[in-house]
Protein chains: 2
Amino acid sequence: MRLLSDSIESFIKSLLDSENMEIELRRNELAQHFQCAPSQINYVLATRFTPDHGYVIESRRGGGGFIRIVRMASTNREELLQAHYQRIGTSISTAEAARIIDNLKTEEIITPDEASLMLAALSPQAVPLPLAMKDALCAGTLRSMILSIAKRRI
Amino acid sequence: MRLLSDSIESFIKSLLDSENMEIELRRNELAQHFQCAPSQINYVLATRFTPDHGYVIESRRGGGGFIRIVRMASTNREELLQAHYQRIGTSISTAEAARIIDNLKTEEIITPDEASLMLAALSPQAVPLPLAMKDALCAGTLRSMILSIAKRRI
DNA sequence: TTCATTTAACTATCTTTGACCTTTATTATA
DNA sequence: TATAATAAAGGTCAAAGATAGTTAAATGAA
């Protein structure tokens, strides 16, 4: 028997076809449709729609809540972003981060202003924190910003 | 389905167009119009028309009462950046930070892409840190980014 | 057995409403 | 006229409703 998670994965991917780079769905509706626990949807997203898989998720809770899934196109640009993203991992020094930002600028994926902005975002982490923690924070911040760039409509 | 709060927000903003920096409305009338509880109006004002969003609210109770919504005149770029910078201080919640970023976007001091980038830079700070520390970090990061914007050649 | 999947209980966040409170203007009364 | 009552606003806050997220235990597949 086919796995539920696989069915949900296919279903979502069928919505994200060549036309739609982006879909929005209601977690509860989808769970209803597949007769499963709502958290099953989170499981599928967490295991099959991660940035490493080339997807970005946004969501909101409360009334009118939703889950938005954005597919990254596979252009050179996206591949570069993807590569940087994976390279960053869970910990990176600010020096390395600066190099990545510089590369994005050189490749004209971001403007010089944006490059400065990104560097600025990483700098205050000259706060008194253990080095390991600082690098983890740096990695988290940079990855988050790279995802934001990846989501742009270009 | 569209959210009631969003509809009310749009409605108010449509009244506050390029001509009108300031409108006056009756809370009960507006609530009537949207068939909702009067306090819903307060909710919308509290979440979408704060000073951080670039609005000031004045009101009066009793007979002839009213709510006046004033869109702050866009001070020049430097003053606005300065004001936000000082407002941030040493600690700020991500929710408030988001409002400030939104205002910078509305005032066209940063592009929508840059706004997303800044929001992204603040988001991973949803990392397990004590709240006070998180807000301090958020403040530091945002201040640093605002300085970077202030330094731009325009 | 081991790893992936599924579920359920609990948590977090955002919206909407309603009951009760405060302020201001107007009207009635001494 | 001065004061008291009443009416006509708007304000606050907490509870209920509507979503989504997290985590750990149970289950199932390889």
Side-chain angles (χ1 to χ4, degrees), chain A residues 1-12 23-53 55-70 144, chain B residues 1-12 23-50 52-53 55-70 93-99 102 119 122-131 134-135 138:
Chain A
M1 179 276 208
R2 204 171 172 214
L3 278 176
L4 217 205
S5 289
D6 291 340
S7 304
I8 297 175
E9 177 187 2
S10 312
F11 181 78
I12 293 177
I23 57 167
E24 213 173 276
L25 42 86
R26 303 309 192 86
R27 190 179 76 150
N28 287 343
E29 271 179 22
L30 196 54
Q32 187 85 49
H33 183 253
F34 283 98
Q35 291 287 297
C36 65
S39 54
Q40 177 73 30
I41 307 302
N42 297 82
Y43 176 75
V44 173
L45 295 178
T47 55
R48 292 145 158 94
F49 292 89
T50 68
D52 287 348
H53 284 106
Y55 297 89
V56 184
I57 309 290
E58 293 170 284
S59 68
R60 216 170 74 189
R61 311 184 186 193
F66 60 83
I67 296 178
R68 179 158 38 228
I69 305 173
V70 184
S144 176
Chain B
M1 179 276 214
R2 203 170 170 215
L3 234 44
L4 178 55
S5 289
D6 291 342
S7 305
I8 297 174
E9 176 187 3
S10 311
F11 181 78
I12 294 177
I23 57 166
E24 216 172 272
L25 42 85
R26 303 309 192 85
R27 190 179 76 149
N28 286 342
E29 270 180 23
L30 195 54
Q32 187 84 47
H33 182 253
F34 282 98
Q35 291 285 298
C36 66
S39 53
Q40 177 75 28
I41 307 303
N42 298 81
Y43 175 75
V44 173
L45 295 179
T47 55
R48 292 143 157 96
F49 292 89
T50 69
D52 287 347
H53 282 111
Y55 298 89
V56 181
I57 308 291
E58 295 167 279
S59 67
R60 215 166 75 192
R61 311 183 186 194
F66 60 84
I67 296 178
R68 177 157 41 224
I69 304 173
V70 184
S93 71
T94 28
E96 284 174 297
R99 269 179 244 127
D102 186 64
L119 284 173
L122 299 179
S123 77
Q125 286 151 17
V127 284
L129 272 180
L131 189 66
K134 236 166 54 175
D135 284 4
C138 181

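We name chains A, B, ... by the order of the sequence lines, and we start the count at 1 in each one. Predicted model only: the values in this text are computed from it and were never measured.
Using a 4.5 Å heavy-atom threshold, the side chains of A:Ser5 and A:Thr47 count as separate. Contact check for A:Phe49 versus A:Glu9: side-chain heavy atoms found under the 4.5 Å cut-off. Counting heavy atoms from C-beta outward, B:Leu30 and B:Gln40 have side chains that stay 4.5 Å or more apart.
Here the P atom of nucleotide C:dC14 and the CZ atom of B:Arg99 are 10 Å apart, to the nearest Å. Between the C1' atom of D:dG17 and the CG atom of B:Leu4 lies a distance of 14 Å, rounded to the nearest Å. Regarding A:Leu30, its CG atom lies at a distance of 13 Å from the P atom of C:dT7, rounded to whole Å. The nearest whole Å value for the distance from the CG atom in A:Leu25 to the P atom in D:dT19 is 14 Å. Between the CD1 atom of A:Ile69 and the P atom of D:dA20 there is a distance of 12 Å, given to the nearest Å. Atom C1' of nucleotide D:dA18 and atom CD of A:Glu29 are separated by 13 Å, given to the nearest angstrom. Residue A:Ile57 contributes atom CD1, which lies 16 Å from atom C1' of D:dT19 at whole-angstrom precision. Atom-to-atom, CD of A:Gln32 to P of D:dT19 comes out at 12 Å; the value is rounded to the nearest Å.
A:Ile12 approaches A:Leu25 most closely through the heavy-atom pair CG1-CD2, 4.4 Å. Nearest heavy atom pair, residue A:Ile41 against residue A:Cys36, reads CD1-SG, 4.5 Å. B:Ser123 and A:Ser144 make their closest contact through OG-OG, 3.1 Å (heavy atoms, listed as atom of the first residue, atom of the second, distance).
Between the CD1 atom of B:Ile69 and the CZ atom of B:Arg48 there is a distance of 13.0 Å, given to the nearest 0.5 Å. Here B:Ser59 contributes atom OG and B:Glu24 contributes atom CD; the two are 10.5 Å apart, rounded to the nearest 0.5 Å. One finds the NE2 atom of B:His53 at 6.0 Å from the CZ atom of B:Arg99 (value rounded to the nearest 0.5 Å).
Using a 4.0 Å heavy-atom cutoff across all strands shown, B:Arg68 reaches no nucleic acid atom at all.
Surrounding CD of A:Gln32 are at most 12 heavy atoms belonging to other residues, nucleotides or ligands under 6.0 Å away.
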Atom pairs, protein N/O to nucleotides 1-3 of chain D N/O, distance under 3.5 Å:
none

Short N/O separations, protein against nucleotides 6-9 of chain D, under 3.5 angstrom:
| residue | atom | partner | partner atom | Å |
| --- | --- | --- | --- | --- |
| D:dA9 | OP1 | B:Arg26 | NH1 | 3.4 |
| D:dA9 | O4' | B:Gly62 | O | 3.3 |
| D:dA9 | N3 | B:Gly62 | N | 3.0 |

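Sorted by residue number, the members of residues 39-47 of chain B with any non-hydrogen atom under 4.0 Å from DNA chain D read B:Ser39, B:Asn42.
Looking at B:Ser39, its side chain never comes within 3.5 Å of a backbone N or O of B:Asn42 through a donor-acceptor pair.
Of all nucleotides listed (C:dT15, C:dT6, D:dG10), D:dG10 comes nearest to the side chain of B:Ser59.
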